[in-house]
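Structure first, then comments.
A, B, ... follow the sequence lines: proteins, then strands. Residue 1 opens every chain. Values reported hereafter were calculated over all heavy atoms of this structure, with side chains retained and with hydrogens, waters and symmetry mates removed.
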Amino acid sequence: MNLIYKTGATIFLFLCTSFLAVSQDFPPWDAPESASKVQNPVESNKESLEAGKAFYNAACKACHGEKGRGDGLIKAANLTTEKFLLQTDGAIFWKMQTGRGQMLSFKASPPEQIWSVINYVRNLSAKKAIIAKRNAIVQLAINKQSGSKEVTAKILELTSDKQQVPLENIKVSFFAKRYFGNMAVAVDAPHSTDANGETTITFPDGIIGDENGALTIVASIDDMDFNPAETSEQVSWGLENPKNYWTERRSLWKNNDYVPIWLLITFAGGAITVWSFIIYVMFQIMKIKLIGDKLKK
Amino acid sequence: MTTETKKFEQIREDLIRPLHKNTFGNQVWIRVLIIMILLAAFAYGHQLMTGLGLTAMRDYSSWGLYIASFVFWVAVSLIGSLISAVLKLLDQKWSTPLTRISELIALAAIAMAGATIVIDMGRPDRVLNIVLNGRLSSPIVWDFFVVNTYLVISLILLYLPLIPDIAILRDRMTDAPKWQRKLYEVLALNWQGTKEQWALLKKSMKIMIILILPVAFSIHTVTSWLFAVNSRAGWHSTIFGPYFVAGAFVAGSAAVLIAMYVFRTRQKLQDYITDDHFNKMGKLLFLTAMVYLYFNINEYLVPGYAWSRLEGAHLHELFFGQEAPSFWMTQIFGLVLPIILLLFRPMRKPLPVFVIAIFVLIGAWAKRVLIVIPTQFHPQFPIQNVPESFHHYVPTYTELTITLGTFAIAILIITLLVRVFPVVPIWEVAEEHENHEATATKNIK
């Protein structure tokens with residue numbers, strides 16, 4: 001649901017705003033003195049950055065782009081310029097609450113969320129010392145017992161001495177593989193690993209698989225300290241996809257390979273009938289001429 | 001026998017006479033048309049190079065004046081089938097002198113319908129894609145097919161009854177310029193009027209007259225489906241097919257009345273296009289307009305009674321909103337008043353009925369604009385976050401010039417054709433005048 005909602009919202013935003021992808025720069029925009037003085041109460045730590053990132057990806061990325069350069073689906077402000085970074089967190093907070101033109105007002109969002117996203121946005125352009133990220137792997141255990149659809153992901157750190165150590169408190173995301181990209185599942189709550197490095201979800205019912213109901217489950221981590229890692233596993237928990245129902249069936253909205261028979265017969269029948277008469281009459285006209293030619297001789 | 005023979009000769013001379021003189025007025029007229037066409041060609045060249053941004057068509061009103069005019073042209077072209085086919089099959093002999101006029105109008109109109117569609121395309125060089133890659137399920141593909149078929153049928157139906165007339169011209173117009181004589185020579189197909197040739201001709205005409213009917217109905221029904229199959233307020237209506245066909249006969253009858261009046265006065269054909277013809281055509285216009293009024297009432301009253309969200313917004317715009325002045329003027333001056341006036345015999349005299357027909361024809365065109373454009377401003381999702389200019393459609397000078405140009409081309413086609421061919425079919429009229437086929441045949445020999 002969440003994914004559908006987000007995709008829908010993104011498409012809608014795109015439709016509504018893409019006309020306005022004008023190439024001009026935005027006019028200056030200054031926050032009032034008093035707003036600029038407000039301090040950011042949320043510390044820029046891992047937790048806040050992760051929350052900020054999640055919020056950014058859901059609510060800002062479409063316009064401001066993955067890296068905040070203002071190169072999303074529409075032209076938006078670049079959040080990595082020096083000029084932008086020189087303003088205080090308070091000023092940015094005020095702008096996000098106020099909004100201007102295409103930039104929405106986020107007054108309705110909880111303040112901590114906004115402060116977190118500000119932390120994250122600042123982090124986007126921070127010249128980070130290249131810290132080598134650590135490596136982790138994801139393992140999936142599927143409870144094959146009939147009835148339960150439990151999936152357990154286990155996150156293990158690959159230490160430099162080739163050891164595999166369970167990692168606690170790492171957020172894991174679960175997906176079902178689709179034609180285009182992955183669909184998030186079990187999004188009702190965050191899933192963090194326990195002391196054994198494990199977290200378990202119940203895979204939802206009613207997801208369409210392939211012709212035989214086979215589905216691919218994906219588990220991945222996206223943690224600031226670790227390189228991205230994911231793994232996938234096939235299960236047979238999906239609904240059978242009546243694939244040929246959609247792809248093989250003739251229908252009005254299909255391409256010419258799947259034209260409904262009735263349409264084909266009506267169209268071709270009409271065309272052939274009408275044109276055979278036309279051609280027949282053309283022959284008659286030719287005959288008229290042939291008779292005339294003979295008489296002339 | 002001898003009197004009949006004389007009659008035929010007289011008819012022949014009367015109807016050929018106008019072809020001999022190229023009047024000053026005619027020459028000026030042709031030049032005016034050519035200037036209009038050149039202006040339009042210039043505007044079109046500009047549009048071709050700059051793109052459709054030159055028009056007022058934008059995201060919401062992506063169909064504008066061109067498509068409205070296209071529908072108008074298709075509508076007018078249907079008259080060929082009404083006069084030449086419906087009336088003939090119903091044995092309405094009085095309409096014989098009007099057949100050629102209606103076929104000329106049909107040909108010019110359907111040619112302009114095709115041209116207008118191409119004009120509406122940003123990349124006309126891709127027009128063949130509709131044949132190569134068109135989706136058979138799309139009404140646009142059907143429309144492309146029927147418009148072209150109708151064009152061919154109209155051409156044949158104009159040409160067939162012309163053959164014996166061209167043979168007469170070939171024999172009589174010996175003083176015509178060389179190219180013109182050559183034209184007659186070629187197009188007459190060595191017509192000698194033998195029994196066999198007559199038999200072939202009559203059979204072919206019969207086939208075409210019957211064939212044109214289903215094609216004529218499909219062309220305008222399919223044109224209406226271009227709108228009706230969309231789930232849009234003001235378009236998504238089950239009666240759109242018959243509604244369009246009925247409206248087409250109104251527009252076409254009006255066009256024929258106008259042409260009748262012009263040719264009668266310019267070519268002095270009072271004996272052939274008589275007051276009675278105007279009277280009868282006036283009645284025909286009345287009849288078609290009544291049918292169209294009936295469809296109009298259905299088309300507006302039923303959704304108007306329900307007044308659902310989008311339909312209501314759309315109808316509000318037409319009845320009381322911005323479009324109200326043009327809507328009511330079109331309905332009153334283009335439909336209701338003509339109907340009332342045509343009830344009275346004096347109003348069916350040539351001049352009054354000519355004036356009424358002009359109003360009806362303008363109304364018919366305006367009605368197409370009102371069908372095509374306002375609906376587009378009531379989409380399912382509200383119009384938001386778009387520039388102010390996307391909220392309405394006012395055609396630009398480019399569009400107006402090009403559209404006027406297509407009118408000029410249509411009129412020029414007719415003008416040029418009646419310069420070389422008789423407006424009133426000679427042998428058919430002679431036949432009507434109780435001459436037997438044999439007599440006519442003998443004399444042509």
For chain B, which candidate among A:T273, A:L264, A:V274 shows the most heavy-atom pairs at distances under 4.5 Å? A:V274
Set out, in order, the CA-CA distance, both residues' side-chain angles and the distance that settles side chain to side chain contact (heavy atoms under 4.5 Å, CB included) for B:T149 and A:I278, then state yes or no. CA-CA 9 Å; B:T149 305; A:I278 292 179; 3.9 Å; yes
Distance, nearest 0.5 Å, that separates NZ of A:K296 from CG of B:N190: 4.5 Å
Specify the closest pair of heavy atoms between A:I291 and B:Q197, including all atoms of both residues, with the distance to one decimal. CG2-CG, 3.9 Å
Look at atom CD of B:Q380 and say whether more than 12 heavy atoms of other residues, nucleotides or ligands are closer to it than 6.0 Å. yes
Test log, rule side chain to side chain contact (heavy atoms under 4.5 Å, CB included), inputs B:L211 and A:Y280: CA-CA 12 Å; B:L211 191 64; A:Y280 177 75; over 6 Å; no
Please determine whether the number of non-hydrogen atoms from other residues, nucleotides or ligands lying under 6.0 Å from atom CZ of A:R69 exceeds 12. no
Which atoms of A:K287 are under 4.5 Å from chain B, going by heavy atoms: the side chain, the backbone, both sets, or neither? both
Given heavy-atom pairs under 4.5 angstrom as the criterion, report whether the side chain, backbone, both or neither of B:L160 touches chain A. side chain
Assess whether atom CD of A:E211 is packed by more than 12 heavy atoms of other residues, nucleotides or ligands within 6.0 Å. yes
Could you look at A:M282 and say if it's the side chain, the backbone, both or neither that has a heavy atom under 4.5 Å from chain B? side chain
Counting heavy-atom pairs under 4.5 Å to chain B, which of A:I288, A:N255, A:V281 comes out on top? A:I288
Tell me whether B:E196 is salt-bridged to A:K289, with the criterion being a basic N under 4.0 Å from an acidic carboxylate O. no
Less than 4.5 Å to any heavy atom of chain B: does that hold for the side chain of A:K254, its backbone, both, or neither? backbone
From CE (A:M286) to CG (B:L189), nearest 0.5 Å: 11.0 Å
Do you know which of B:V146, B:V152, B:I383 has the most heavy-atom pairs under 4.5 Å to chain A? B:V152
Contacting region of A:I285 [heavy-atom separation from chain B under 4.5 Å]: both
What are the residues of residues 128-140 of chain B, in order of number, with any heavy atom under 4.5 angstrom from a heavy atom of chain A? B:G134, B:R135, B:L136, B:S137
Heavy atoms only, distances under 4.5 angstrom: which of A:W253, A:F277, A:W275 has the most pairs with chain B? Name it, please. A:W275
What part of A:L295 gets closer than 4.5 Å to chain B, counting heavy atoms only: side chain, backbone, both or neither? side chain
